[in-house]
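All chains are named by letter (A, B, ...) in the order of the sequence lines, taking the proteins before the strands, and each is independently numbered beginning at 1.
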Amino acid sequence: MSQVRTRYAPSPTGFMHVGNLRTALYEYLIAKSNKGKFILRIEDTDQERLVEGAVDVIYNTLKTAGLKHDEGPDIGGDYGPYVQSERKAMYIPYAQQLVKEDKAYYCFCSKERLESLKTEGEIGAGYDRHCRNLSPEEVNKKLADGVPYVIRQKMPLEGSTTFSDAVFGDITVENSELQDQILIKADGYPTYNFANVIDDHTMNITHVVRGCEYLSSSPKYNLLYEAFGWEIPTYVHLPLIMGKNEDGTVSKLSKRHGSTGFEDLIKDGYLPQAIINYIALLGWCPKDNKELFTLDELCEVFDISGISKSPAIFDYDKLSWFNAEYIKAMTTQQFADIAMPYFKQGVPNKELNWVEVAGILQQRTVRLTEIPEKIKFFEKLPEYSVELFVNKKSKTNLENSVDMLKIAIKELCNISDWTSDNIHDCLISLAERVGVKNGTLMWPVRIAVSGMSVTPGGAVEILHILGKDESMKRLNIGLEKLLNK
RNA sequence: GGCUCGGUGGUCAAGCGGCUAAGACACCGCCCUUUCACGGCGGUAACACGGGUUCGAUUCCCGUCCGAGUCACCA
């Protein structure tokens, strides 16, 4: 078999949907697992929907996701150009060839006429093939008169078309269901369907990987390949990624389901690797059911036979789990590095030992965006209620908290070398001497020093990060609060 | 509505004629513990339904139901 070549062919809309990203990922994996090439092609044939800077979004996404393409507009290759608008001139001759062979025809119908064909409210009416049998004279006259036209493919009126998909098997459609689809639009640009076939063939694409939403239009592709006498590529249709609606129904994942763009997800505090890992498993399963994969590992084990047929609902909980796993797997330094912007956001005006902060945060961070809220007490002691000092499990109440704070202040005061170990030993031995369980002493101390019932890390860590001066200050404030209640 | 595809726990899923029907997420309980987490242990929970085929169907076939996708000079 010749070298496997897959292509990711997004249209630049400025938004990278996770469904598209997963398609890109599978295309990449199919190519790489076969030592093949992964090509990026920009499909910008819709001139009305061009968005400024949208191509950069695609580059950036592929880059941060780690999906390196082997050929593309930015890096070139032997099959360029890789932007459809730059290939515009090459499509029309192919269409004209089909016209010549009586497999396509010029259509002069106005949009208004087409519009009037649609019975109101109804769907599925379609084109009435009005221009399909114009005489050559009529066609030539209209062409000469400069009447705007499109080129349509002549679909067979009878029989059926069967195509084979690598995941769904053989699919047959009655030809009567097929419309005489437009190949070349009035503005001279090819339609997506037509450009796709021409490009995939001329770029030697071996595997056409795309979402299931194209399943029902695939017979048309086949007919086009047949009309040209070209070899048909392997089709790989992917099950759709769905989202759950508020009313409990599901539909194709879209913005109303939450963050569905790659960049949105990143903004929400998810790691690129976690996103990739998660979506790799959304519709595909390895033989051994393993879940954690690096991109390279995926390249090793990916196989088309593991792709499932049924649609999958995008589960933010599971994504979160992956994210937490990836965070936990980092070194503390790595975590500190990626978390730094969030540290600064939570604690903008203080210099803390960030690696130490990272150390207590790492095991309890699911999304990076949770960080600022969790650590902002380091910056400024929040207002809090004395009720926080009451905790049944630690056996603390408003009365003994006063005592605990008093002795803690006294003892901690004497520590000259403010190390974690010293703080720890000091408090633990104090609890022992006084004859209370650790929690009874630790709880009020932690509350006083943080002002929160739930904190990242325990009393010792917080005291150490805060430093002696600030710690003593907060402990006294806490004591004051209790006495003045 | 026509056409196409799909249907294993709440979610992702393994299974490809014989199993007490895996595993993961979520959820619940217990343990660990200076809070919350993390970690450990355990638990609740599924083959849409009805016919066939077969000695035997989650698995193969048909029908029903349910869900989704698609029916553009959008991709």
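With respect to the salt-bridge test (charged N to carboxylate O, under 4.0 angstrom), the residues A:Arg113 and A:Asp128 qualify.
Within the shown strands, nothing qualifies as a pairing partner of B:U34 under the Watson-Crick or G-U definition with both distances less than 3.5 Å. Under the Watson-Crick or G-U wobble criterion, with both distances below 3.5 Å, B:C65 is paired with B:G7.
If you check every strand for non-hydrogen atoms under 4.0 Å, A:Ser310 touches sugar and phosphate atoms only. Across all strands shown, A:Asn289 has heavy atoms under 4.0 Å from base atoms, whether or not it also approaches the sugar-phosphate.
One donor-acceptor pair, N or O on each side, does fall under 3.5 Å between the base of B:A24 and the side chain of A:Lys318.
The side chain of A:Phe168 sits closest to B:C5 out of B:U4, B:C5, B:A75. In the set B:G6, B:C74, B:C38, the nucleotide with an atom closest to the side chain of A:Asp46 is B:C74. Side-chain proximity of A:Ser216 to the nucleotides B:G69, B:U34, B:C36 is greatest for B:G69. For A:Glu213, the side-chain atoms get nearest to B:U70 when compared with the rest of B:A24, B:U70, B:U4. Comparing B:A26, B:U70, B:A75 against the side chain of A:Trp321 picks out B:A26 as the nearest. Here B:G39 is the nucleotide among B:A68, B:U34, B:G39 with the atom lying nearest to any side-chain atom of A:Glu325. Picking from B:U33, B:G69, B:C73 the nucleotide with the shortest atom distance to the side chain of A:Arg152 gives B:C73. Taking every side-chain heavy atom of A:Lys244 into account, B:U11 is the closest of B:G6, B:U11, B:A13. Side-chain proximity of A:Met242 to B:C12, B:A68, B:A26: nearest is B:A68. Taking every side-chain heavy atom of A:Lys393 into account, B:C36 is the closest of B:U34, B:C36, B:G69.
When ring centroids are compared, A:Phe377 and A:Tyr384 stay outside the 6.0 Å threshold.
A:Glu461 places a side-chain N or O within 3.5 Å of a backbone atom of A:Gly458 that can act as its donor or acceptor partner. Between the A:Asp165 side chain and the A:His237 main chain, a donor and an acceptor come within less than 3.5 Å of each other.
One atom, CG of A:Asn438, and another, P of B:U34, lie 5 Å apart when rounded to the nearest Å. B:A13 atom P lies 14 Å from atom CZ of A:Phe293, rounded to whole Å.
Between A:Ser394 and A:Gly306, the residue anchored nearer the 5' end of RNA chain B, judged by the nucleotide with its closest heavy atom, is A:Gly306.
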